[in-house]
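Working notes, structure below.
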Amino acid sequence: MIVDKKTAQKMLAKMMLIRRFEERAAAAYRDGHICGFCHLYIGQEAVVVGAQESFKSGDAVITSYRDHAHMLSCDMTPRGIMAELFGKKSGYSKGKGGSMHMFSIERGFFGGHGIVGAQVPLGTGLALALKMQKKDNIAFTYFGDGACAQGQVYESFNMANLYDLPVLYIIENNGYAMGTAARRHSGDKALYERAHAFDIESCQMDGMDVLKVQEVIAESAEYVRSKKRPFLIEAQTYRYVGHSVSDPGNYMPKEEKQQYKDNDPIGKLSSYMLENGLSSEEEIKAMDNDAKASAKDAYVFAENDDLVSEDELMTDIMEDQNV
Amino acid sequence: MIVDKKTAQKMLAKMMLIRRFEERAAAAYRDGHICGFCHLYIGQEAVVVGAQESFKSGDAVITSYRDHAHMLSCDMTPRGIMAELFGKKSGYSKGKGGSMHMFSIERGFFGGHGIVGAQVPLGTGLALALKMQKKDNIAFTYFGDGACAQGQVYESFNMANLYDLPVLYIIENNGYAMGTAARRHSGDKALYERAHAFDIESCQMDGMDVLKVQEVIAESAEYVRSKKRPFLIEAQTYRYVGHSVSDPGNYMPKEEKQQYKDNDPIGKLSSYMLENGLSSEEEIKAMDNDAKASAKDAYVFAENDDLVSEDELMTDIMEDQNV
Amino acid sequence: MSKMITVRDALNEAMREELQLDEKVFLIGEEVAEYNGAYKISKGLLDEFGPERIIDTPISEMGFAGMAVGASFLGQRPIVEFMSFNFSMQAIDQVINSAAKTRYMSGGQIACPIVFRGPNGSAARVGAQHSQCYASWYAHCPGLHVLAPYSPADAKGLLKAAIRSNDPIIFLEHELLYGLQGEVHGPEHCEPFKAVVEKEGTDITITAFSFVLGKALEAAKILEEKGINAEVINMRVLRPFDIESLTQSVMKTNHLLCVEEGWPVASMASEQAMLVMEHCFDYLDAPVARLCGVDVPLPYAVNLETLSLPQVDDIVQAAEKVLGKK
Amino acid sequence: MSKMITVRDALNEAMREELQLDEKVFLIGEEVAEYNGAYKISKGLLDEFGPERIIDTPISEMGFAGMAVGASFLGQRPIVEFMSFNFSMQAIDQVINSAAKTRYMSGGQIACPIVFRGPNGSAARVGAQHSQCYASWYAHCPGLHVLAPYSPADAKGLLKAAIRSNDPIIFLEHELLYGLQGEVHGPEHCEPFKAVVEKEGTDITITAFSFVLGKALEAAKILEEKGINAEVINMRVLRPFDIESLTQSVMKTNHLLCVEEGWPVASMASEQAMLVMEHCFDYLDAPVARLCGVDVPLPYAVNLETLSLPQVDDIVQAAEKVLGKK
Ligand SMILES: Cc1ncc(C[n+]2csc(CCOP(=O)(O)OP(=O)(O)O)c2C)c(N)n1
Ligand SMILES: Cc1ncc(C[n+]2csc(CCOP(=O)(O)OP(=O)(O)O)c2C)c(N)n1
Ligand SMILES: [Mg+2]
Ligand SMILES: [Mg+2]
């Protein structure tokens with residue numbers, strides 16, 4: 001596990017940005033600026049941030065509705081994301097999509113999908129396109145432990161194996177699908193083993209330790225890129241908050257939650273950096289202040305942004321309105 | 001492998017009946033009496049016939065569209081089945097269902113389903129009902145190698161494991177899904193191993209040897225019945241004919257087909273019985289003549305049967321036409 | 001009727017009573033047991049009936065819908081909760097091919113006594129993938145009853161009847177109605193599968209179902225003030241469609257406006273235009289009109305969302321237009 | 001136009017030409033490659049374009065439909081063959097939620113240039129699970145174009161236009177039309193997404209699409225002998241619906257009969273009744289009538305199957321009834 005100062009700082013800053021952004025989003029929800037669903041990533045930051053180090057230009061990322069962090073990891077702007085959460089015109093989807101439906105072709109982010117599991121065939125298809133286009137790129141396809149109960153996931157594994165597709169499947173096992181603990185929806189066997197049934201190699205990793213994540217994903221992304229074969233990683237992680245902003249998450253035992261919090265990815269990397277002289281207390285504090293400032297800036301921007309024009313109601317449905 | 005004379009004769013007779021019935025069905029198709037799809041089981045007889053010995057009153061059987069043999073194995077009448085194939089009123093569905101859609105609650109046969117894979121959740125549900133009704137019964141759920149590419153199969157496995165359902169899954173791996181060889185739709189790993197990913201025990205068996213089948217299924221049915229747990233068997237078998245009557249099956253290599261024919265389940269059991277003094281040549285010949293006679297009788301019966309009355313067009317849609 | 005309760009509690013009561021009455025009834029779906037339902041419709045049922053009858057599932061819509069249908073073939077009486085009917089698209093092959101068609105395909109031998117229920121249509125700002133109305137899709141298909149309750153009385157009485165029916169039933173609830181208050185009947189009462197005239201009137205018939213019925217009733221009040229006496233029909237039974245209630249009303253008012261939350265093309269509104277053609281064309285004094293959800297995937301932005309769905313004012317204006325007053 | 005070919009060959013030619021023109025186009029589905037298609041629509045394409053562009057899939061409709069949609073997000077142009085549109089029910093969540101809605105949900109950023117094609121509706125005696133018509137379901141949903149060709153010229157010209165479109169397209173073929181002969185245009189020609197008047201007439205408009213259009217044309221001949229001059233419109237574009245062609249004709253003939261193979265409730269016929277209400281009600285001399293498939297899961301028995309689907313005589317009689325001659 002070797003990580004240079006720059007990388008460590010970059011990862012810490014991104015994790016802080018995600019954390020502060022999500023906290024702001026929660027506040028904006030309480031303030032009535034955000035409505036409907038709003039799924040926060042607090043506690044899981046190490047997964048996407050560890051992965052982002054393996055992202056190369058031209059790669060594709062796709063995930064579920066719990067997507068703000070993935071967008072930030074693709075360097076999409078906090079302003080654009082927050083404006084979308086507010087349903088405003090500078091949002092990534094002009095306010096038409098909302099929290100669960102944002103995209104950025106420029107940044108390689110292909111959503112944001114509200115139907116559990118649906119992004120898995122889609123991500124497999126992104127990999128198919130990359131293969132057809134003879135690119136040296138791969139498709140990062142994220143999904144939850146709950147999504148592992150979707151049959152389309154196994155249909156995808158089978159095809160990724162048959163067609164040798166460059167897709168990196170990342171299960172974000174945060175222990176719960178809404179209120180259902182993983183063992184109640186998937187039994188006792190580890191999820192990563194399911195890949196083997198379809199001849200796909202896989203492994204499990206501690207998803208709370210960004211340095212570990214970064215290392216494991218670097219290796220597996222390299223495997224996918226060079227071997228042109230699928231690979232699956234199960235990240236064991238945790239969300240400190242409920243499923244969506246409106247869920248109090250009472251089903252999560254206090255001690256369990258505390259265990260994970262004691263293992264907080266941001267705290268852990270901070271300590272590591274301090275211990276190894278990669279940053280001072282002040283630097284870390286300053287980074288966090290930057291994160292807070294960005295999140296606040298996004299909030300203010302979104303608040304002041306306009307609603308999309310009513311003329312836009314019927315645009316963007318189809319390209320050929322009349323052929 | 002111990003089998004008494006009576007059982008051996010019963011199994012041989014049933015395999016012969018299936019073979020002769022299917023040959024008659026093919027003839028009836030050529031004669032224009034049967035239309036649409038007609039999927040024959042010729043070559044695969046050992047599977048259902050080996051299984052029938054483990055069937056107990058109150059058990060449930062469900063399968064795909066390749067279902068004539070399964071019905072015969074449930075002791076549904078050749079006449080009723082053939083009449084349905086002809087679309088006549090004495091058919092099991094009064095002619096409304098056709099080849100792919102027949103049922104007999106009395107005989108424990110729950111279809112006959114035309115959508116590949118759909119019978120797997122349905123069969124899992126039969127097992128759920130048997131469990132809820134606290135019966136000592138199990139649900140035999142058959143599906144093809146091609147159906148293993150359906151996500152709903154894995155959704156079912158997962159639930160059968162979670163809920164401890166008494167379901168015996170039987171993959172009839174006849175090497176092809178229509179024109180697609182099993183390795184082209186499912187890769188190199190054996191299909192039975194997929195059960196393990198969902199914590200279900202499983203095994204593979206030679207599906208051309210009825211004595212072996214009978215033994216393996218007896219054991220696994222007993223496991224399901226006593227442990228109240230799912231189990232999966234992959235039967236390796238072969239269809240000598242095309243997918244449906246209209247498919248010439250040119251994709252099946254001659255030598256491959258010949259290999260299986262050399263291993264024909266009827267021939268094999270006949271030889272065994274002769275060698276072990278369980279039947280004489282004449283007895284076996286007579287059994288085959290009986291099978292031919294039954295199949296012919298079914299044909300003649302169906303030919304002479306009436307079409308269902310036109311008044312029946314709008315019956316059997318719903319029970320409560322008006323509540 | 002006596003008690004005032006919410007639609008949420010009415011649904012809960014209907015299930016509880018039927019679970020008590022018939023041990024073959026069970027409830028299955030995501031989060032229905034330990035979480036008491038994503039929208040708390042099944043609150044307390046796990047405690048009362050235990051995990052064998054109130055069953056949490058993995059996120060496997062096609063699988064658990066098919067499993068429930070299979071159980072119904074053997075005489076069990078499943079209630080399948082889709083957390084949202086949007087997710088029923090994943091299971092729709094099992095709903096149509098396995099549930100709706102099997103009685104017919106078996107020549108009447110196999111019954112499939114099953115209820116598929118859950119919120120349908122829009123909620124508040126949940127975006128395009130969580131807001132579709134499936135009324136016209138399901139109503140299109142023979143072999144099903146399709147119900148869309150509005151009030152607590154509808155919800156309780158129709159759900160009880162649905163659970164007792166030996167046919168597959170699509171039971172379309174609406175998230176924005178769960179909190180609506182109203183009176184309900186006691187444990188014996190089932191509602192007939194018929195429409196209900198919610199407000200009598202003479203000038204124009206307004207039909208609506210589910211959430212937008214409330215808007216139609218509000219609109220009728222405004223129209224009243226404007227001297228227009230609208231008859232408002234709660235089209236809570238979409239299949240088999242209650243043609244008689246529709247035609248009787250149109251024969252009286254000679255005008256029809258169909259209000260619907262879902263998209264316009266090949267909708268329940270379209271169907272009603274055809275039914276009027278078939279049954280009471282000569283009674284029309286003006287063409288049948290529809291006011292449907294706008295033909296667009298539902299946008300998230302508050303202004304666009306509001307524009308996309310039939311609002312009270314839109315209904316008032318549409319009614320006036322039918323009557324040639326605008 | 002010059003060559004006489006079958007619909008089967010017309011579809012094949014359309015795909016071949018577009019595969020040649022644009023290397024982003026690929027074909028994916030069950031049995032499309034080595035088997036040359038279950039109905040031989042893709043005959044020879046594997047040989048010409050190789051396994052990277054003509055891709056056999058496992059029986060994983062939801063999976064491969066979703067995979068194709070994903071590939072289209074990155075600029076590939078998939079043609080997805082459903083061996084039958086009945087199996088599209090398994091994939092319908094991906095078709096509607098991922099393909100049809102994404103352009104809108106992304107504020108116009110993500111295009112989904114994809115064609116879903118295959119036989120739709122009845123064939124000969126294939127029973128209820130293999131005979132459903134999905135026209136009105138797909139036409140209901142914004143974000144899609146829905147096409148239903150009849151002739152080889154339709155098939156070729158519309159499929160080429162569909163493949164070139166940057167929108168998701170539902171392309172409903174019909175097994176019983178694959179052998180139909182007719183002339184087709186050369187490789188440059190695309191058909192516009194508009195209806196076609198197949199036979200001009202003055203007394204009544206008969207609209208139909210796909211297989212039953214042939215029956216409508218036959219019926220028109222018989223009507224001609226009876227002194228009734230029917231106009232027959234090939235409603236090959238179901239979304240966006242060609243309202244202009246419909247209304248122009250009805251304004252001329254003042255009578256409308258909608259023929260459709262699918263079930264009646266919330267059908268394309270229902271939609272046309274509503275469109276007439278909206279656009280040319282005053283021109284009607286009689287109520288719009290529909291002749292649809294009977295409201296029943298399609299039976300296998302030959303006598304019942306025949307009764308279930310619109311036949312030539314039924315059309316003749318229905319037209320006469322509209323005209324008050326029966
Ligand atoms: C097909 C489908 N079924 C149900 C839902 C409702 N739902 C949204 S998120 C969710 C839980 C998903 O859990 P998981 O995959 O573990 O992801 P996490 O939320 O933990 O990130 C459910 C049931 C849905 N959106 N789509
Ligand atoms: C969902 C679905 N997709 C496609 C088909 C068309 N189809 C019918 S049978 C079949 C092959 C099935 O192969 P397998 O499961 O191996 O069973 P077998 O025919 O060999 O008994 C296909 C593709 C279908 N009926 N249902
Ligand atoms: Mg989770
Ligand atoms: Mg097979």
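Order of the sequence lines sets the chain letters (A, B, ...), proteins ahead of strands, with each chain counted from 1.
The 12-atom threshold is not exceeded at CD of D:E52, counting heavy atoms of other residues, nucleotides or ligands nearer than 6.0 Å. In the displayed structure, D:K40 atom NZ is contacted under 6.0 Å by more than 12 heavy atoms of other residues, nucleotides or ligands.
We find the OG1-CG distance between B:T315 and D:L304 to be 8.5 Å, quoted to the nearest 0.5 Å. Distance check, rounded to the nearest 0.5 Å: OG1 of D:T57 to NE2 of B:H185 gives 11.0 Å. Separation of atoms CG (D:N303) and NZ (B:K89) is listed at 11.5 Å; rounding is to 0.5 Å.
Your options are D:A301, D:A128, D:G127, D:A38, and the one with the most heavy-atom pairs under 4.5 Å with chain B is D:A301. Your options are B:G87, B:G98, B:C35, and the one with the most heavy-atom pairs under 4.5 Å with chain D is B:C35.
A side-chain N or O of D:E31 and one of B:T180 form a donor-acceptor pair less than 3.5 Å apart. Side-chain polar atoms of D:Y35 and B:D247 form a donor-acceptor pair below 3.5 angstrom.
Contacts between D:A124 and chain B at a heavy-atom distance below 4.5 Å involve the backbone alone (N, CA, C, O). In this structure, the portion of B:S309 lying under 4.5 Å from any heavy atom of chain D is its backbone and not its side chain. Proximity to chain B is limited to the side chain of D:Q90, based on heavy atoms less than 4.5 angstrom apart. Contacts of B:M178 with chain D are made by both backbone and side-chain atoms, with heavy-atom separations under 4.5 Å.
Scanning all heavy atoms of the two residues, the minimum distance from B:A177 to D:I59 falls at CB-CD1, 3.9 Å. For the pair D:H130 and B:F37, the tightest heavy-atom approach, listed with the atom from each and the gap, is CD2-CE1, 3.8 Å. Across all non-hydrogen atoms, the minimal contact from D:V296 to B:M314 is CB-SD, 4.2 Å. Across every non-hydrogen atom of B:M100 and D:V126, the tightest pair is CE-O, 3.2 Å.
When atom types are taken as modelled, the side chain of D:S60 and the backbone of B:A149 share a donor-acceptor pair closer than 3.5 angstrom.
Between D:Q129 and B:H101, some side-chain heavy-atom pair lies under the 4.5 Å cut-off. Looking at B:L313 and D:P299, their side chains come closer than 4.5 Å, going by heavy atoms from C-beta outward.
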Intermediate values then yes/no, side chain to side chain contact (heavy atoms under 4.5 Å, CB included), B:R184 and D:E34: CA-CA 11 Å; B:R184 289 210 302 121; D:E34 297 200 5; 3.4 Å; yes
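Heavy-atom proximity under 4.5 angstrom to chain B picks out D:L307, D:S308 from residues 306-319 of chain D.
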